[in-house]
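Just so we're clear, the structure is a prediction, and the values are computed from it rather than from any experiment. Letters A, B, ... mirror the listed sequences (proteins, then strands); counts begin at 1.
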Amino acid sequence: MSDSNNNDQLHAMRHSLAHIMATAIQRLWPEVKLGIGPVVENGFYYDVDIEGAQISDEDFDKIEAEMHKVIEANQPFEQSNKSIDEAISWAQAAKQPYKEELLNDLKRSGTTVAKDLDADELGTITEGDSAVESVGFYTNGDFTDLCRGPHVESTGQVGAFKLMRVSGAYWRGKVENPQMQRVYGVAFATDKELRQHLALLEEAKKRDHRKLGSELDLFFFHETAPGMAYWLPKGVRLYNELVSFWRDEHEKRDYQEIVSPLINKKDLYVTSGHYDHYWDEMFTTGTEEGEEYGLKAMNCPNAMVVYKRGNHSYRDLPLRYSDTDTLHRYELSGTLNGLFRARGFRQDDAHIFVTEDQIKDEYAKIFEIVEQFYSIFGLEYSFRLGTRPDKFMGDPKTWDKAEAELKAILEGSGQEYSVLEGDGAFYGPKIDIVMKDSLGRPWQMGTLQLDFQQPLNFGLKYTDSDGTEKTPVVIHRVIYGSLERFIGILIEHLAGRFPIWLAPEQIRVATVNQEEVTVKFAEDVVAQGRELGLRIELDNNNESVGKKIRDAELMKVPYTLVIGEKEIETGEVTPRVRKDLEVEQADKPIPVTNFLKTVANEAKSRVSKTSISGHEANRS
RNA sequence: GCCCCGAUAGCUCAGUGGUAGAGUGCAUCCAUGGUAAGGAUGAGGUCCUGGGUUCAAAUCCCAGUCGGGGCUCCA
């Protein structure tokens with residue numbers, strides 16, 4: 001059997017399970033009103049609305065038991081057709097208003113896909129001719145559902161499944177609609193595959209950056225500031241190392257770093273256009289003198305102000321201002337997710353002022369930086385083009401031009417990319433860099449945005465070679481994206497095992513005993529290491545060597561040096577090396593100074609000699 | 001914000017309508033130990049906050065706060 005046949009079969013199993021779950025839920029709550037029940041990655045869900053009752057995960061056993069009864073009964077799935085008007089009557093008789101709404105959409109426009117339909121028309125009743133002749137139904141036992149299929153032949157052929165969670169979901173994704181309950185299940189052809197999937201989820205949990213961040217003493221969250229990380233000394237070392245790598249590489253490429261105010265008057269955001277599009281998502285504050293201020297949520301308006309300070313010649317362009325100021329955004333409380341979605345974070349931002357002719361070359365240069373940055377971490381990423389959103393600023397023609405430019409650049413780059421319509425910024429289209437976390441969920445990381453609007457809003461100019469004044473174009477770009485989110489992704493991909501140059505603690509020196517001569521030798525090793533710029537710590541606790549080794553392993557320290565009589569005698573150490581590291585000096589005696597110098601050079605070169613494992617949870 | 005779930009020692013968690021538990025960490029002492037946990041003793045808790053029910057609430061109910069999973073997937 002080919003893969004596609006396997007996939008078709010699995011898809012049918014999952015879809016059939018959605019029906020079986022609906023059957024079970026209807027038996028348990030006969031008054032249930034059903035929404036939709038599609039197949040999703042790894043499983044299925046069904047949206048249900050039960051008046052006066054909420055399904056909770058405590059109900060899963062009950063629902064699963066009922067599902068098993070349906071499966072054991074091995075009811076055949078029987079396909080049938082009704083005319084559209086018959087179908088609507090069926091939905092009315094069965095008291096299934098959501099199905100009725102779907103049927104009305106089918107009748108009017110031949111589809112139920114909400115995003116393909118005019119928002120105002122959704123579910124409205126249509127008189128007269130129908131866009132479809134008839135609609136399909138599937139019946140198993142006493143349960144009948146509007147359905148395109150396909151299904152497995154009978155309810156006995158659905159493989160292994162498990163209900164996972166229940167969540168709220170608005171009918172057709174619209175906040176003004178009733179909220180339904182979405183019951184999710186995962187399903188696989190065999191028990192073994194299901195167990196493997198569940199095991200992968202368990203593995204992914206161990207890599208959760210929030211868990212590792214706490215275990216490795218990198219950062220924590222506290223109720224005093226929801227969504228804003230407290231960075232601990234070890235986390236700050238990692239953070240600063242990433243920033244200093246970024247700074248070094250950008251200074252080489254003629255970027256100039258600026259720092260600008262964190263609180264700005266409302267007027268700044270009125271001028272930039274953010275007031276209309278973003279003010280609600282900003283933290284704001286007022287003064288006794290009645291002025292309104294917004295806490296910096298993006299860097300671009302300030303960069304525009306910096307540009308405007310002086311006159312600029314075409315000879316000055318491209319002009320590249322970078323900054324890493326802290327930003328705050330009022331993200332909805334329910335959307336916060338550790339470092340992945342925070343309310344306070346820093347970006348490795350830059351605003352590049354260019355002439356229209358320079359856009360293409362500048363993008364090529366940025367792509368080089370992206371390639372360099374992401375390859376050094378060994379991370380996988382993909383590009384995504386975001387086009388004009390519903391709420392946008394400026395002339396659609398300018399937008400079309402900008403979108404065409406970006407498409408041409410992406411195609412010229414030879415990189416694969418996807419398109420997300422309507423996902424651009426309000427001032428221009430963008431290219432996002434997308435990465436996945438340990439559970440395979442995609443996150444926007446870097447973003448390269450083209451902006452024709454804000455330079456106009458701020459009245460930015462440069463003098464061209466012919467003496468005329470022209471408006472520059474601005475490229476907004478971040479490579480890491482948010483430092484916070486990037487660190488989160490990095491932690492999950494590395495499972496906390498950072499390469500030497502990033503490791504918050506590079507070397508741990510563990511003493512065998514607390515005798516004066518031992519301690520003195522160990523302290524001397526630490527002092528030498530620090531002299532070389534290494535992050536090296538002493539463990540002189542009154543514990544066994546085994547315990548100290550274990551502690552160092554748990555903290556994922558790359559090198560551990562045990563100091564006792566032998567080392568003092570020979571002046572040589574035998575480094576214990578973290579298992580994932582591919583280095584030569586493992587388990588061989590080496591003079592202390594040589595070892596420290598080798599590690600210092602390695603750290604300085606910023607090479608990642610560590611094996612990075614991919615997204616485990618994605619493999620299925 | 002909305003739906004489901006959770007909150008007990010610094011951390012991970014168990015537990016019961018009637019005076020609070022383990023492991024780990026921390027402190028002290030003993031042991032001076034050679035590559036993933038040596039031993040003993042001790043300190044440490046408004047059982048998230050505020051209401052309600054009750055003779056009695058950390059436990060049951062309500063609200064809030066914070067945290068987790070979702071809220072894109074369309075017969």
- Item | Which atom of A/Phe143 lies closest to which atom of A/Gln26, heavy atoms considered |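 Shortest heavy-atom separation between A/Phe143 and A/Gln26 comes out as CD1-OE1, 3.1 Å.
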Students often get this wrong, so: under 4.0 angstrom with heavy atoms, is [X] touching a base, only sugar-phosphate, or nothing?
| X | answer |
| --- | --- |
| A/Thr335 | base |
| A/Lys566 | base |
| A/Glu553 | base |
| A/Arg165 | sugar-phosphate |
| A/Gln96 | nothing |
| A/Gly564 | base |
| A/Glu215 | nothing |
| A/Ile55 | sugar-phosphate |

- Would you please confirm or rule out a distance under 4.0 Å between OP1 or OP2 of B/G69 and any side-chain N or O of A/Ser167?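 Checking B/G69 against A/Ser167, no side-chain N or O comes under 4.0 Å of OP1 or OP2.
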Could you check which of [options] has an atom nearest any side-chain atom of [X]?
| X | options | value |
| --- | --- | --- |
| A/Arg441 | B/G34, B/C4, B/G69 | B/G69 |
| A/Ser544 | B/G1, B/G38, B/A75 | B/G38 |
| A/Val135 | B/C4, B/A75, B/A36 | B/A75 |
| A/Asp57 | B/U35, B/C4, B/U32 | B/C4 |
| A/Tyr184 | B/U35, B/A36, B/C71 | B/C71 |

Protein N or O to nucleotides 23-30 of chain B N or O, pairs below 3.5 Å:
| residue | atom | partner | partner atom | Å |
| --- | --- | --- | --- | --- |
| B/G25 | OP1 | A/Lys547 | NZ | 2.6 |

- Query: For B/G1, what is the paired nucleotide under Watson-Crick or G-U wobble rules, both distances under 3.5 Å?
  - Reply: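 Base partner found: B/C71.
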- Query: Considering Watson-Crick and G-U wobble pairs with both distances under 3.5 Å, what does B/G50 pair with?
  - Reply: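 Across all strands, the one nucleotide that pairs with B/G50 is B/C62.
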[atom1] spacing across the pair [N] / [M], given as an integer number of angstrom:
| N | M | atom1 | value |
| --- | --- | --- | --- |
| B/C47 | B/U8 | C1' | 4 Å |
| B/G38 | B/U46 | C1' | 38 Å |
| B/A37 | B/G25 | C1' | 13 Å |
| B/C11 | B/G45 | P | 13 Å |
| B/A57 | B/C13 | P | 29 Å |

- Message: Any non-hydrogen side-chain atom of A/Ile433 less than 4.5 Å from a side-chain atom of A/Thr447?
- Response: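 A side-chain contact under 4.5 Å is absent here.
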- Does a side-chain heavy-atom distance below 4.5 Å link A/Ile25 with A/Tyr46?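 No. Closest side-chain heavy atoms not under 4.5 Å.
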- Nearest-angstrom distance from the residue atom CD of A/Glu202 to C1' of B/G69: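 To the nearest whole Å, that distance equals 14 Å.
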Write down the protein N/O and nucleotide N/O pairs, taken from nucleotides 65-68 of chain B, whose separation is under 3.5 Å; answer none if there are no such pairs.
| residue | atom | partner | partner atom | Å |
| --- | --- | --- | --- | --- |
| B/G68 | OP1 | A/Arg210 | NH1 | 3.2 |
| B/G68 | O3' | A/Arg210 | NH1 | 3.3 |
| B/G68 | O3' | A/Arg210 | NH2 | 3.4 |

